Amino acid sequence: MADPASYRPQTGEIPINPGVYRFRDPHGRVIYVGKAKSLRSRLNSYFANPAGLLPKTHAMVHAASSVEWTVVSSELESLQLEYTWIKEFKPRFNVVFRDDKTYPYLALTMSEKLPRVQVMRGDRRKGTRYFGPYTAGAIRETMDTLLRVFPVRSCSAGVLKRAQASGRPCLLGYIDKCSAPCVGRVTPEEHRALAEDFCAFMGGEAKRFISKLEKQMAEAVAALDYERAARLRDDISALRKVFERNAVVLGEDTDADIFALHEDELEAAVQVFHVRGGRVRGQRGWVVEKVEDATTPDLVEHLLQQVYGEDGDSHGRLPREVLVPVAPSNAAELAQWLGGLRGAKVDIRVPQRGDKAALMSTVRENAEHALKLHKTRRAGDLTVRSQALQELQEALDLPVALLRIECFDVSHVQGTNVVASMVVVEDGLPKKSDYRKFSVTGAAATDDTAAMHDVLTRRFRHYLQDKTAQVEAAALDGHQAALDAAADAAVLDTTTPAPRTKFAYPPNLVVVDGGKPQVNAAARALADLGIDDVYVVGLAKRLEEVWLPDSDFPVILPRTSQGLYLLQRIRDEAHRFAISFHRQKRGKAMTVSALDGVPGLGESKRKALLAHFGSVKGVKAASVNELSAAKGIGPALATAIATHFSSDAAAGETAPAINMSTGEILET
């Protein structure tokens with residue numbers, strides 16, 4: 001851990017202007033981003049008396065090795081730049097709000113020719129209308145009920161194509177839960193009108209549709225068409241069931257998001273009710289670890305930044321009012337920023353009395369229960385992970401905490417299609433975004449130890465290259481004028497994607513799948529690169545022994561050790577990832593075609609040729625003019641194809657395309 005005094009800037013060097021500052025660790029990784037009205041007073045508070053800081057702030061300043069800052073012209077610009085950099089660098093010591101569970105949305109893919117209604121989770125997609133979030137049970141019931149009145153397509157693309165090819169609708173088409181545009185019962189325009197009516201109903205225009213159906217039912221009764229009147233009666237009942245599911249809690253013209261939180265010294269739980277048209281349309285929750293010295297107003301500010309900053313107001317998510325338990329820091333600037341996202345004024349208020357304050361109390365009660373439930377569910381997992389990492393560190397006698405572990409495995413079949421995998425675990429949890437695949441060729445593919453040496457060399461050579469590039473970039477970025485220019489660019493362009501980190505962040509421990517030979521090969525690769533601060537162990541499958549480099553005897557962990565369980569899980573994940581890549585590569589190598597050797601002929605053009613001529617035999621028999629008639633085949637490529645097959649015929653090469661694993665002839 002670094003001494004904060006070793007990188008503390010002189011007080012006179014720090015400007016008194018507003019700005020944004022960044023703490024970096026010894027590897028150049030940004031670990032904290034903050035903003036300040038006065039950079040000098042804010043940064044001095046970190047260094048004046050580090051012993052008096054909160055535990056996690058104390059850990060942050062000791063984990064850092066440098067601090068830098070950027071001056072901006074206003075507090076609004078500092079708010080925008082702080083959000084941009086938090087989103088770009090994802091600092092480990094900043095507050096990050098994570099959903100306490102995954103909430104489904106009712107979505108309509110209006111960008112498709114035949115819009116589809118479905119339940120969706122995860123990231124939002126362009127051209128799709130979203131309603132919710134809802135609980136899983138409620139959303140299924142709502143969709144099933146509304147399809148009776150608005151029979152919009154809900155089938156997958158595969159089911160739609162099969163129905164179009166066969167001319168018969170799916171089961172939903174037969175039971176009148178789908179208007180069956182796939183077989184022409186309605187035109188695409190009529191189907192889109194149904195989808196728009198579905199969206200209008202979910203958007204709050206329920207009374208209009210209910211009144212329209214009531215009028216049609218009265219007309220059917222007057223015409224003595226009692227069967228149609230009965231169907232309309234059932235439709236009205238279905239719409240009212242959906243409409244009345246959420247009770248009116250506020251005035252019908254009220255559109256607001258109501259936030260409440262419940263916190264302790266270490267964590268905070270946040271709940272929000274989405275009120276549209278006076279009704280609670282959805283509910284969401286987050287649990288956050290308080291990894292910095294953040295007050296409640298700071299938490300509220302970061303919450304609103306992250307909730308509304310991710311995708312702006314692309315789907316009308318920002319309401320006219322945002323009700324919060326306490327006024328956020330920089331409330332005026334935050335309201336101005338949210339107003340820019342919405343395109344209209346946004347009020348941030350703290351309700352004091354009346355119906356809104358009563359609903360705020362209900363939301364706060366939900367947050368209190370959510371934090372209790374989170375602690376109950378997470379206590380066991382957190383304890384086990386901490387115990388496993390601690391046991392492993394003590395058993396291997398390592399001087400550093402195992403914050404990041406990387407595991408490598410080699411996979412092949414009798415020396416063919418040799419591949420390797422790298423999986424990453426941070427704080428005992430897998431980090432799949434950092435997983436990597438390696439193809440091993442040449443002399444390195446002769447045996448497992450050579451492959452392991454090659455893969456470790458390539459992985460840490462990238463790390464050294466990225467580290468050198470970061471050092472050079474930091475040296476060029478030291479001048480204050482350059483920092484100001486960077487700030488202006490960041491404020492003006494907040495949509496710039498974050499750079500890919502690649503291999504710039506090293507592990508504390510490398511685990512290889514294998515025994516003494518594989519461990520020594522991995523250690524030799526690190527030694528050849530001059531890396532001496534990364535520790536290496538191997539886990540042998542036969543007796544689950546843990547091997548250290550240049551050791552004649554393995555470390556035997558107890559069978560009930562949580563540390564051994566952690567190593568086994570990491571090893572098994574690396575093996576799974578390597579096997580998946582190996583099967584993918586082997587599957588591609590198993591299928592060969594006579595068209596593969598034609599220069600300039602890619603996959604799409606091969607498919608076009610086969611579709612045009614029906615088989616490879618037809619392609620071989622075609623003339624240059626006939627080949628040119630195929631889609632995407634020009635005169636030059638047609639000549640190359642004809643020349644290729646004429647030379648093959650002269651050499652007697654007439655083998656058809658086959659599947660090498662089964663012997664099946666694929667093209668004739």
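In this text the structure is predicted, and so the values were computed from the model without any measurement.
The two atoms that bring P319 and V346 nearest to each other are O-CG2, 3.9 Å, heavy atoms only. Between G563 and L557 the shortest heavy-atom distance is C-CD1, 4.4 Å. Annotation for C407 and R571: closest pair SG-CA, 3.9 Å, computed over non-hydrogen atoms. Scanning both residues, Y535 and P399, for their nearest heavy atoms gives OH-CG, 3.2 Å.
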Could you go through the side-chain hydrogen bond (donor to acceptor under 3.5 Å, both in side chains) check for S41 and N44 one step at a time? CA-CA 5 Å; S41 60; N44 279 337; over 6 Å; no
Check the pair S329 / D298 against side-chain hydrogen bond (donor to acceptor under 3.5 Å, both in side chains), numbers first and verdict last. CA-CA 6 Å; S329 304; D298 292 334; 2.7 Å; yes
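Distance check, rounded to the nearest 0.5 Å: CG of L539 to CG of L564 gives 6.5 Å. Between the CG atom of L147 and the CZ atom of F198 there is a distance of 6.0 Å, given to the nearest 0.5 Å.
Paired with K431 under the rule salt bridge (Lys or Arg N to Asp or Glu O under 4.0 Å), one option of E426, E573, E406 passes, and it is E426.
Salt-bridge formation is detected for the pair K35/E301: a Lys NZ or Arg NE/NH1/NH2 atom is positioned less than 4.0 Å from an Asp or Glu carboxylate oxygen. R404 and D434 are joined by a salt bridge, as a carboxylate oxygen and a charged side-chain nitrogen come within less than 4.0 angstrom of each other.
Checking side-chain atoms of R40 against main-chain N and O of I14 turns up a donor-acceptor pair under 3.5 Å.
In this structure, the side chain to side chain contact (heavy atoms under 4.5 Å, CB included) partners of S65, at least two apart in sequence or on a different chain, are P26. Every residue meeting the side chain to side chain contact (heavy atoms under 4.5 Å, CB included) condition with Q118, not counting sequence neighbours, appears here in chain and number order: T109, R116, M120.
Side-chain atoms of P91 and M60, non-hydrogen and from C-beta on, never get closer than 4.5 Å to each other. Between M422 and R459 the shortest side-chain heavy-atom distance falls below 4.5 Å.
Using cut-offs of 30° and 60° on the angle between ring planes, the pair F259 and Y308 is perpendicular. Aromatic ring orientation, F23 versus Y46: perpendicular (interplanar angle above 60°, classes split at 30° and 60°).
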